[in-house]
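Heads up, the thing below is written out as structure tokens.
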Amino acid sequence: MLFVNEAKTGDAKIVEGALDIGLKKNWRLAAAFLLMGILAGAWCLMLALVSAAVPRVGAQSNPRESVSNAAVQTQMQNVKYHFTESATVYIKMLSGELLPNEGSEFPVFDNKESFRLRIGYAEIDIAAGDLASVFNSYVFARASSPLKGVSMSIENGHLTIKGKLHDVGTIPFETESALSPTEDGKLLLRTGKVKALHVPVKGIMNLFGVEIADLIQNGKLPGIESRGDDLVLDPSLVFPAPHMEGRVTATRIEGNTIVLTFGDKDRATKARQAGNYMSFRGNRLRFGKLTMTDVDMTLIDMDPSDPFDFFLDRYKDQIAAGYSKISSNSALRIFAKDFNKMKKPGVATKGTN
């Protein structure tokens with residue numbers, strides 16, 4: 001209101017001067033001064049209103065900005081990551097960020113549903129057998145699932161999937177698919193050969209039948225979509241929590257392993273150190289009873305001779321079997337033991353808030 005008061009004071013002085021001049025000289029000059037005073041007052045009033053409005057606009061919250069501001073930057077190198085005790089993926093390198101899910105202020109290691117991993121760039125290998133294990137234990141885990149006993153292998157550069165159709169009298173089936181990325185960053189299984197009871201079938205939808213096709217089309221099988229006779233896998237839904245967000249940009253086959261490239265290599269960050277590790281920086285992160293602010297924590301493999309074998313469900317056991325150091329700038333370095341080298345299997349930690 002300072003501008004407004006000054007404007008009013010200025011108006012009074014100018015009007016007073018204008019009247020005085022009008023009495024002494026002429027009315028035209030007085031009117032000109034009066035008009036100038038009114039315009040000056042209006043201009044100052046507009047400035048005052050704009051100045052008062054700017055803080056209100058700036059204070060409005062943007063949900064996307066708040067999520068981004070809570071992101072924890074992460075980098076992984078030479079890590080064998082466990083989805084379950086038996087199903088793993090090999091992370092050659094990864095740059096990304098941990099983002100809190102809706103209802104969570106920040107990522108919590110003890111609650112895998114509290115966060116997700118957004119990948120900027122990554123090279124991830126998964127063996128066909130491990131992918132089958134994920135399907136059996138997660139995608140087709142429900143009792144009502146139409147597919148059971150799924151196995152996968154690489155044959156002649158193609159992914160061969162075998163299993164049983166549970167809804168139609170437990171009929172064994174077999175499909176052969178070529179892998180490639182889709183334009184929207186998912187994984188396409190372009191179906192070539194399809195067999196049921198060892199007899200060729202026209203297409204995968206003919207094999208599955210109307211009911212199973214409807215399950216896929218209606219999204220009742222997480223992460224699986226049908227596009228004609230082909231199937232599309234969404235990595236953000238096919239794999240269990242913490243879910244991965246990222247665009248599949250390339251695929252290739254190496255032996256019995258599927259190699260997936262996520263994102264653009266230009267988005268890869270420079271390795272923070274040598275060896276096998278998982279690094280987390282910035283914002284807040286909780287593990288166990290410790291909540292870190294402005295995180296600077298690195299989990300380091302105690303045995304660098306092979307990949308860092310890490311299982312989030314058992315991370316407390318792994319760090320308890322190792323040791324930690326705190327640097328002068330409060331950076332935390334935890335030297336953890338490989339999960340596959342733990343003496344006692346123990347009991348997997350259940351996710352809690």
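Residue numbers count from 1 along this sequence.
Clustering ILVMFWY residues whenever any of their side-chain heavy atoms sit less than 4.5 angstrom apart, transitively, puts F262 in the very cluster that holds F83. Taking hydrophobic clusters as Ile, Leu, Val, Met, Phe, Trp and Tyr residues chained together by side-chain heavy-atom distances below 4.5 Å, L189 shares a cluster with Y138. Residues L233 and L188 are members of separate hydrophobic clusters, defined by side-chain heavy-atom contacts under 4.5 angstrom among Ile, Leu, Val, Met, Phe, Trp and Tyr. A chain of hydrophobic side-chain contacts below 4.5 Å, direct or via other Ile, Leu, Val, Met, Phe, Trp or Tyr residues, connects L332 to L312. By the criterion of side-chain heavy atoms lying less than 4.5 angstrom apart, applied directly or through intervening Ile, Leu, Val, Met, Phe, Trp or Tyr residues, I154 is grouped together with V134 in one hydrophobic cluster.
Sorted by first and then second residue, the ring-ring contact (aromatic ring centres under 6.0 Å, His included) pairs with a member in residues 144-165 form an empty list; sequence neighbours excluded. Annotation: salt bridge (charged side-chain N to carboxylate O under 4.0 Å, His left out) contacts involving residues 254-266, sequence neighbours excluded, comprise R252-E254. Within the structure, ring-ring contact (aromatic ring centres under 6.0 Å, His included) pairs that include any residue of residues 100-126 comprise F109-F280, F109-Y315 (at least two apart or interchain).
Inter-residue side-chain proximity for F339 and T88 is flagged as unmet; no heavy-atom pair is nearer than 4.5 Å. Looking only at side-chain heavy atoms (C-beta outward), I253 and V259 stay at 4.5 Å or farther from each other. Counting heavy atoms from C-beta on, the side chains of Q273 and I300 come closer than 4.5 Å. When side chains are defined from C-beta on, D313 does not count as touching E85, because their heavy atoms never get closer than 4.5 Å. Looking at heavy atoms from C-beta onward, S177 lies out of side-chain contact with L231 at the 4.5 angstrom threshold. Taking the side chain as every heavy atom from C-beta outward, T249 and P181 never approach each other to under 4.5 Å. Proximity of R272 to Y277: side-chain heavy atoms (C-beta onward) are separated by under 4.5 Å at one or more points.
Summarising the geometry, atom CZ belonging to F140 is positioned 15.0 Å from atom NZ belonging to K164; distances are rounded to the nearest 0.5 Å. Atom CD1 of residue I91 and atom CG of residue L117 lie 7.5 Å apart, to the nearest 0.5 angstrom. For the atom pair OG1 of T74 and CE of M297, the computed distance is 9.0 Å after rounding to the nearest 0.5 Å. Considering CG of L98 and CZ of R118, their distance stands at 11.5 Å, rounded to 0.5 Å. Between the CD atom of E123 and the NZ atom of K92 there is a distance of 5.0 Å, given to the nearest 0.5 Å. Considering OG of S327 and CG of D296, their distance stands at 6.5 Å, rounded to 0.5 Å.
With D110 as the partner, the side-chain hydrogen bond (donor to acceptor under 3.5 Å, both in side chains) test is satisfied by one option alone out of K316, K289, R286: K316. Here the rule is salt bridge (charged side-chain N to carboxylate O under 4.0 Å, His left out) with R116, and of E102, E97, E245 only E245 fits it. Shown are D125, V89, D130, L131; of these, the side-chain contact (heavy atoms from CB on, under 4.5 Å) with T257 is made only by D125. Here the rule is salt bridge (charged side-chain N to carboxylate O under 4.0 Å, His left out) with K341, and of D317, D306, D301 only D306 fits it.
A donor-acceptor pair under 3.5 Å links the side-chain atoms of D230 to the main chain of T191, judged by distance alone. Using a distance-only test at 3.5 Å, with no hydrogens or angles considered, no donor-acceptor pair links the side chain of R284 to the main chain of V72. Remark: the backbone N or O of N69 is paired with a side-chain donor or acceptor of N283 at under 3.5 angstrom. Remark: the backbone N or O of F311 is paired with a side-chain donor or acceptor of Q318 at under 3.5 angstrom.
Residues S114 and N111 share a closest heavy-atom pair of OG-O, 2.7 Å. Nearest heavy-atom pair across M93 and A268 is CE-CB, 4.3 Å. Nearest heavy-atom pair, A128 versus L159, reported as atom, atom and distance to 0.1 Å: CB-CD1, 4.4 Å. The two residues N101 and E113 come nearest to each other via the heavy atoms ND2-O, 2.8 Å. Of all the heavy atoms in A336 and F308, the pair that sits closest is CB-CZ, 4.0 Å. Taking each heavy atom of T84 and S133 in turn, the nearest pair found is OG1-OG, 4.5 Å.
With no hydrogens or angles considered, a side-chain donor-acceptor pair links Y90 and N78 at under 3.5 Å. A donor and an acceptor atom, one from each side chain of T269 and S95, are located under 3.5 Å apart.
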Carefully, step by step, assess L94 and Y81 under the rule side chain to side chain contact (heavy atoms under 4.5 Å, CB included). CA-CA 12 Å; L94 181 149; Y81 179 85; over 6 Å; no
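Between F335 and Y323, the ring planes lie parallel to each other; the angle is under 30°, not in the 30° to 60° tilted range.
No more than 12 heavy-atom neighbours from other residues, nucleotides or ligands sit within 6.0 angstrom of CG on N156. Other residues, nucleotides and ligands place more than 12 heavy atoms under 6.0 Å from the CD atom of E155. With a 6.0 Å radius and a threshold of 12 heavy atoms from other residues, nucleotides or ligands, R333 has its CZ atom above the threshold.
Taking the charged nitrogens against the carboxylate oxygens, D338 and K80 have no contact shorter than 4.0 Å, which rules out a salt bridge. Taking the charged nitrogens against the carboxylate oxygens, K195 and E174 have no contact shorter than 4.0 Å, which rules out a salt bridge.
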